[in-house]
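One structure is given below, encoded as structure tokens.
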Amino acid sequence: MTFETLIGVAAITIVTGVVSCVWSYLRWRATAPPGGAPTVFGYFGLAALVAFGAYMAGSVVGIALACASPRAGNLCGIWGALGAGPLAAGLALAAYGPLRRARSGF
């Protein structure tokens, strides 16, 4: 996979994850009884923490894999910071909304 492809897939994944998270929250609010859904700040605050943690983990793994080769250049860390990190954050956001809603039972 080329670097440009990885960045493109990561950008699409981030957008898809945010849309999935927002859609899941809106559906949760519509179907939950009064007071059954979390607050906007609580839901999206936790979503931001999940995305940040996934970004950090994805960046670490991406940098470790890209910089493991003896032929790796001095910009090998960009693979993790701009490719694998955003990809992991987008996947985490895409999974967060539906899983959190399913866990609540609504």
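Aromatic ring centres of Y96 and Y43 lie closer together than 6.0 Å.
V9 pairs in a side-chain contact (heavy atoms from CB on, under 4.5 Å) with only one of the listed residues (I7, T5, L6), which is T5.
Across A66 and A72, no two heavy atoms sit closer than the pair O-CB, 3.5 Å. Closest approach of A54 and A92 over heavy atoms only: CB-CB, 3.5 Å. Residues G58 and A84 share a closest heavy-atom pair of O-CB, 3.4 Å. When all heavy atoms of C21 and L93 are compared, the closest pair comes out as CB-O, 4.1 Å. Here the shortest heavy-atom pairing between A94 and S20 reads O-OG, 3.3 Å. Nearest heavy-atom pair across A81 and S59 is CA-OG, 4.0 Å.
Put simply, L26 and L46 are part of the same group of oily side chains (I, L, V, M, F, W, Y) that touch within less than 4.5 Å, one to the next. With hydrophobic clusters built from ILVMFWY side chains whose heavy atoms lie under 4.5 angstrom apart, I78 does not share a cluster with Y55. Hydrophobic clustering, with ILVMFWY side chains joined whenever heavy atoms are under 4.5 angstrom apart, groups V40 together with V22. Linking ILVMFWY residues whenever their side-chain heavy atoms come closer than 4.5 Å, directly or via other members, leaves F44 and F41 in distinct clusters.
No donor-acceptor distance shorter than 3.5 angstrom exists from the side chain of T13 to the backbone of G90, with no hydrogens or angles considered. Here the side chain of Y25 pairs no donor or acceptor atom with the backbone of G97 at under 3.5 angstrom.
The line from CD1 of I14 to CG of L91 is 9.0 Å long, rounded to the nearest 0.5 Å.
Two residues are said to be in side-chain contact when any heavy atoms from C-beta on lie closer than 4.5 Å; W28 and P38 meet this criterion.
Legend: disulfide bond (SG atoms under 2.5 Å apart) pairs involving residues 63-96, not counting sequence neighbours, sorted by first then second residue: C67-C76.
Counted within 6.0 Å of CZ on F3, heavy atoms from surrounding residues, nucleotides or ligands total more than 12; the atom is thus considered enclosed.
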